[in-house]
Amino acid sequence: MYGGAMTHVRARGDALAADEMARLIGLPFNDSDDVIRAAVAEASVPSLLMSMVHMAGDMGLLDELPKPFMLIAMDLQGGMSEPDKQTVRDRGFDVIRDYRDRGCPPPFVPDAAQLQTMLDVMSAGQVTAEYLDYVAADLRFSDADQRGPVLASTAEQRSEFPVVVIGCGEAGLLAGIKLKQAGVPFTIIEKQASVGGTWAANRYPGCRVDIANQYYAYSFEPTDHWSHYYSEQPEILKYLTDVMDRYDIAPHVRFQTEVTGAEWNERTDSWHVAIRTDDGREETLTARAVICAVGQFSNPVIPNIKGAMDFEGPAFHTADWRDDVDLTDKRVAVIGAGASGFQLVPAIADQTAQVDVYQRTAQWMAPNINYHAAIPEPARWAIRHLPYYGRWLRFVSWWPIADALDEQVTIDPDWDNGGLSASKANHGIREMFIAWMRVFCSDEQLLKKVTPNYPPMGKRTLQDNGTWLTTLQRDDVELINDGIAEITADGVRTIDGVHRPADVLIWATGFDVNHQLGPVNVRGLDGLALNDAWGDAPYAYLGVTVPKFPNFFCMFGPGTNAVNGASIIYNSECQMRYILGCIDMVLANKARYAVPRDAVCADYNRRNQERLKTMVYTHPAVASYYKNSAGTVPTLYGFRIFDYWNWTNRPNPDDYELQS
Ligand SMILES: Cc1cc2nc3c(=O)[nH]c(=O)nc-3n(C[C@H](O)[C@H](O)[C@H](O)COP(=O)(O)OP(=O)(O)OC[C@H]3O[C@@H](n4cnc5c(N)ncnc54)[C@H](O)[C@@H]3O)c2cc1C
């Protein structure tokens with residue numbers, strides 16, 4: 001239980017060095033009044049208010065000053081009025097100046113009751129006592145998440161437990177960092193030429209994150225990395241490269257090398273991992289455990305459309321972007337108006353002669369004025385320096401989208417309006433999204449085309465600042481929602497018989513998420529092949545461990561994609577903490593391996609899918625690539641992120657068969 005200032009750190013005696021902690025929660029400063037004035041003017045006022053309490057050590061500020069109305073998704077200002085914000089800013093200026101003049105002493109850290117009071121003010125009572133540990137850990141008031149689980153195995157045991165990690169996206173990189181810190185030897189095998197996974201592969205113009213970067217970032221890194229609230233792909237790739245360098249992980253990675261198979265050897269209690277380098281050399285690595293961090297978005301899909309391979313000009317998927325193809329003054333056909341097409345089209349429309357966007361299904365867009373916005377330099381200064389300000393900004397960014405959306409995504413079985421929405425609350429979202437569209441478009445015909453006929457949030461909701469509709473209204477951009485009859489050598493013919501010529505064809509058609517292993521042949525106990533066991537309905541206990549696959553751990557595995565409101569990086573941190581706990585459990589028990597019990601895994605997956613059946617993602621009106629041939633959504637996660645954090649805290653030995 002969170003008991004107040006840094007109890008976990010003190011109890012464990014491995015406190016972060018002071019400079020490391022300062023890097024996380026705010027570096028001392030001695031800047032001028034002007035710098036401070038500029039920072040308060042640009043700050044998120046709810047986060048500033050909390051930071052003021054840390055600086056002044058005065059909980060009374062929360063009674064005296066105006067409070068956030070409530071935390072609202074995509075809004076960093078807690079719905080506060082301008083005069084209220086100004087009152088807090090004015091006082092904030094005095095508090096910060098005083099803190100500076102006192103030489104930036106160690107900030108006040110609240111005890112549990114005080115934290116609850118702060119959260120009551122911040123969230124208008126939404127964050128109840130149940131969430132206290134979870135929030136305190138992320139705010140870094142406790143060190144519970146910083147160092148991972150307390151380990152019972154010896155350093156020597158861990159040093160003799162080699163691990164192979166497949167993939168070096170954010171998850172594989174994280175695995176490397178945490179294994180290194182725990183003294184576990186490891187090799188990461190990555191088929192691409194660099195770290196980054198998704199963010200190395202998806203280099204199409206306009207590619208950016210759609211979860212605020214304060215949250216889409218490692219919790220153990222400071223929150224001041226970002227130049228934008230929602231950064232573009234090059235910046236995210238740079239972030240992951242910088243983190244790799246900082247933790248010196250590159251020497252452990254074999255790039256341009258593919259894992260082709262992994263087989264459990266019962267005689268040696270080890271995995272034999274088959275790899276192939278880019279130039280065709282093959283090798284077998286031996287490991288006591290495998291961490292499979294191949295992601296869910298590694299296998300691009302090109303749909304089965306007549307003539308799909310017949311186009312004679314350049315044709316490529318957004319995840320295989322061709323830098324050598326110049327789009328200047330070209331007629332470009334973009335197939336797909338989902339998450340990638342939605343980002344791509346506005347980013348290329350100025351350059352091309354014509355863009356034809358072929359839309360199969362309209363997408364819901366959430367109003368977000370910060371979607372393309374830069375973080376002003378004074379606001380970055382605040383993140384870097386004001387104690388805990390960056391941590392609270394992260395909280396303001398994640399709370400309203402992570403665990404606060406339950407009501408809006410739950411289906412009311414008595415609600416019936418022809419599949420347009422799923423409940424009263426969900427209908428409210430529908431109306432709000434439509435009102436936002438109308439701000440940017442008065443063309444009723446276009447509005448009809450872009451308004452989805454399924455409940456909002458049934459798929460991943462896109463973030464919008466008006467750019468999409470503004471782009472679609474250009475004379476040189478056309479949105480086509482007639483089905484595609486065929487791709488021809490020089491264009492696209494729709495079912496109404498119209499042929500639109502194109503010079504370049506771009507597939508923005510998403511990924512095969514239900515076969516995340518791709519061709520990798522993983523064989524566990526009794527030679528069972530994982531791809532056969534999974535089919536298109538993959539499963540894993542907590543999305544991490546699979547019965548009959550000893551010491552085999554998934555990251556971003558089946559049932560872990562919280563499709564609407566989470567950062568996959570956060571979930572990866574939960575998984576990696578759990579995986580370290582599993583490795584520790586095997587070693588401390590001097591076991592050969594651990595596998596989850598069949599019944600435990602089956603029960604977990606049943607409960608997750610049952611829960612998902614009550615949510616918009618499985619609504620009959622929603623067609624998405626998350627649905628498999630049986631109409632279930634095996635890759636999605638249906639519970640609260642809070643529950644996931646809790647459940648993955650450390651493994652329960654009763655859930656496992658520990659083979660000695
Ligand atoms: C365009 C796009 C935007 C996204 N935006 C968001 C967002 O805003 N928020 C969010 O939470 N999520 C987003 N996602 C989901 C994103 O995939 C995850 O956030 C995250 O990047 C997953 O990281 P990962 O390390 O698990 O997998 P990946 O990043 O996919 O990395 C997996 C790595 O494994 C490698 N690999 C696969 N098979 C093998 C093999 N056999 N041998 C060797 N290497 C192999 C791949 O080359 C890849 O580098 C987005 C995805 C896409 C495609």
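Remember, it's 1-based here, ligands and their atoms both numbered in the order they're listed.
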Is the NZ or CZ atom of Lys178 both under 6.0 Å from the centre of the six-membered ring of Phe220 and within 45° of that ring's axis? yes
Kindly confirm or rule out a cation-pi arrangement of Arg460 over Tyr626, judged by NZ or CZ under 6.0 Å from the six-membered ring centre and within 45° of its axis? no
Heavy-atom pairs closer than 4.0 Å: do any link ligand 1 to the side chain of [X], the backbone, both, or neither?
X      : answer
Val209 : both
Thr257 : backbone
Ala171 : both
Ala339 : neither
Arg460 : side chain
Tyr570 : neither
Ile211 : both

For ligand 1, which atoms sit closer than 4.0 Å to a heavy atom of [X]?
X      : value
Ser567 : 11 (O)
Phe511 : 53 (C)
Gly197 : 28 (P), 29 (O), 31 (O), 48 (C), 49 (O)
Ala566 : 11 (O)
Ile189 : 43 (C), 44 (N)
Ala293 : 32 (C), 33 (C), 34 (O)
Val520 : 41 (N)
Ser298 : 30 (O), 32 (C), 46 (C)

Is there any N or O on Glu170 that sits under 3.5 Å from an N or O of ligand 1? yes
So is Met555 close enough to ligand 1, meaning a heavy atom under 4.0 angstrom away? no
When you measure from the heavy atoms of Trp199 to every atom of ligand 1, does any distance fall below 4.0 Å? yes
Can you check atom 28 (P) of ligand 1: any protein non-hydrogen atom closer than 4.0 Å? yes
Side chains of [X] and [Y]: do they bring a donor and an acceptor to under 3.5 Å?
X      : Y      : answer
Thr648 : Arg577 : yes
Arg140 : Ser219 : yes
Asp138 : Trp645 : no

Would you call Asp406 and Arg640 a salt bridge, using N to O less than 4.0 angstrom? no
Salt bridge flag under 4.0 Å for residues Arg246 and Asp242: no
What is the nearest protein non-hydrogen atom to [atom], stated with its residue, atom name and distance?
atom                    : result
atom 16 (C) of ligand 1 : Thr198 OG1, 3.6 Å
atom 44 (N) of ligand 1 : Lys191 N, 3.2 Å
atom 35 (C) of ligand 1 : Glu190 OE1, 3.3 Å
atom 7 (C) of ligand 1  : Asp210 OD1, 3.3 Å

Going by heavy atoms in the side chains, are [X] and [Y] under 4.5 Å from each other?
X      : Y      : value
Asn213 : Tyr239 : no
Leu525 : Trp264 : yes
Tyr625 : Thr635 : no
Pro634 : Asn514 : yes

Residues two or more places apart in sequence or in another chain: which of them pass salt bridge (charged side-chain N to carboxylate O under 4.0 Å, His left out) with Asp403? none
Which residue pairs pass the side chain to side chain donor-acceptor pair (under 3.5 Å) test when at least one of the two sits in residues 534-558, sequence neighbours left out? Asp536-Ser629, Tyr541-Asp655, Thr545-Tyr656
